[in-house]
Amino acid sequence: MGADPAMTMVFDALVAETDEALLARYAAGERAAARVLTLRHTPRVLGLARRMLSDPAEAEDVAQETMLRLWRVAPAWRAGEARLSTWLYRVAVNLCTDRLRRRRGVPLTEAPETADDAPSVQAALEAGERVAALRLAVGLLPERQRIAVQLRHFDDCSNAEIAAVLEISVEAVESLLARARRTLAAALAGRREDLGLT
């Protein structure tokens, strides 16, 4: 049995809508708007959670909880106050951080990084050992530096978006990223040639 052509047309029209318009439609009872938002944002939230938690099941729980929180706030969403993607990242980062802090016996700096199988810039950089070394080095960064690097370089967030997610100034984000880059450069300095980073 094929898809209903009328429903397909409605769905296709919704895909072109802005996040704020879709949230308003969902708040007014249009379930199809929620589906479009879910398809649009869940993969990136899930990818961030996978990188932070290194546990696919936990990452799925975080992505689901993040979207559930969105559905709860949809009726009260005030357009123009924050970008939806920034709000979703902030919620996901906070949920991941809470889970990492609850883990017993595994310090945050030792939590392993896992590959994100969602399509991303990382897929283009798939160079085996180089990626593994970089992920390990990023995983050893202090928590806020690690989050800033992941949002900037894995999720293509702007410094302003990262500042909103971490609830700090843009200057503080620039400082976090600069310190993280120095730390990463030092950590990978001895392996530059064999990793093809020269």
Side-chain angles (χ1 to χ4, degrees), residues 11-28 30-56 58-100 113-125 135 138 141 143-177 180:
F11 186 80
D12 289 344
L14 288 174
V15 169
E17 298 260 353
T18 66
D19 289 340
E20 287 76 14
L22 289 169
L23 270 178
R25 286 177 175 271
Y26 172 73
E30 273 190 61
R31 294 171 49 97
R35 185 163 184 246
V36 173
L37 283 169
T38 300
L39 292 171
R40 186 179 290 174
H41 292 286
T42 301
R44 293 185 77 191
V45 170
L46 182 59
L48 173 67
R50 282 182 176 159
R51 286 187 296 278
M52 286 187 70
L53 297 171
S54 302
D55 182 326
E58 271 196 297
E60 287 178 18
D61 289 346
V62 164
Q64 186 175 41
E65 178 63 24
T66 300
M67 297 310 289
L68 285 173
R69 289 186 183 193
L70 176 62
W71 307 140
R72 283 187 219 123
V73 302
W77 186 268
R78 291 189 295 238
E81 284 191 12
R83 285 186 57 201
L84 179 63
S85 59
T86 302
W87 185 89
L88 289 169
Y89 276 131
R90 182 182 310 140
V91 171
V93 164
N94 289 340
L95 289 170
C96 289
T97 300
D98 290 346
R99 285 176 179 258
L100 288 169
E113 294 290 321
T114 59
D116 175 15
D117 51 12
S120 68
V121 174
Q122 189 61 29
L125 299 175
R135 284 189 181 276
V138 168
L141 290 171
E143 180 181 2
R144 290 175 78 76
Q145 288 180 27
R146 184 174 64 250
I147 292 168
V149 166
Q150 288 174 338
L151 289 171
R152 183 74 181 104
H153 297 288
F154 294 102
D155 293 306
D156 271 344
C157 290
S158 69
N159 288 357
E161 290 171 315
I162 298 167
V165 169
L166 295 177
E167 298 177 318
I168 59 177
S169 68
V170 172
E171 293 78 17
V173 169
E174 291 168 355
S175 177
L176 280 173
L177 290 171

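The shortest heavy-atom contact between Trp87 and Thr66 is CZ3-O, 4.3 Å. Closest approach of Ala160 and Val170 over heavy atoms only: CA-CG2, 3.9 Å. Residues Ala92 and Val62 approach most closely at O-CG1, 4.0 Å, considering heavy atoms. Heavy atoms only, all atoms of each residue included: Ala27 and Pro75 are closest at CB-CA, 3.7 Å. Taking every heavy atom of both residues into account, Phe154 and Arg51 meet most closely at CB-NE, 3.5 Å. The two residues Ala148 and Ile162 have their closest heavy-atom pair at O-CD1, 3.8 Å.
Looking at heavy atoms from C-beta onward, Asp155 lies out of side-chain contact with Glu161 at the 4.5 angstrom threshold.
More than 12 heavy atoms of other residues, nucleotides or ligands sit less than 6.0 Å from atom CZ of Arg72. Within 6.0 Å of CD on Gln64 lie no more than 12 heavy atoms contributed by other residues, nucleotides or ligands.
Taking CE from Met67 and CG from Leu70, the interatomic distance works out to 5.0 Å, rounded to the nearest 0.5 Å. With rounding to the nearest 0.5 Å, the separation of CE in Met52 from CG in Leu151 is 8.0 Å. Within the model, atoms CG of Leu176 and CZ of Arg152 stand 13.5 Å from one another, a figure rounded to the nearest 0.5 Å. Atom CD of Glu65 and atom SG of Cys96 lie 11.5 Å apart (nearest 0.5 Å). Atom CZ in Arg35 sits 14.0 Å away from atom CD in Glu30 (nearest 0.5 Å). For the atom pair Ser175 OG and Gln145 CD, the distance stands at 8.0 Å (nearest 0.5 Å).
Partners of Arg78 under the side chain to side chain contact (heavy atoms under 4.5 Å, CB included) rule, at least two apart in sequence or in another chain, are Glu81.
The aromatic rings of Trp71 and Tyr26 sit tilted relative to each other, their planes meeting at an angle between 30° and 60°.
In terms of modelled atom types and a separation under 3.5 Å, the side chain of Arg144 and the main chain of Leu166 share a donor-acceptor contact.
The list of salt bridge (charged side-chain N to carboxylate O under 4.0 Å, His left out) pairs with a residue in residues 87-99, not counting sequence neighbours, reads Glu58-Arg99, Arg90-Glu167.
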Check residues 36-43 and write down every donor-acceptor pair under 3.5 Å in which the side-chain atom is one partner and the other belongs to a residue at least two apart or another chain.
unit_1, atom_1, unit_2, atom_2, d
Thr38, OG1, Ala34, O, 2.8
Arg40, NH1, Glu17, O, 3.1
Arg40, NH1, Asp19, OD1, 2.6
Arg40, NH2, Val15, O, 2.7
Arg40, NH2, Glu17, O, 3.0
His41, NE2, Asp19, OD1, 3.1
His41, NE2, Asp19, OD2, 3.0
Thr42, OG1, Thr38, O, 2.8

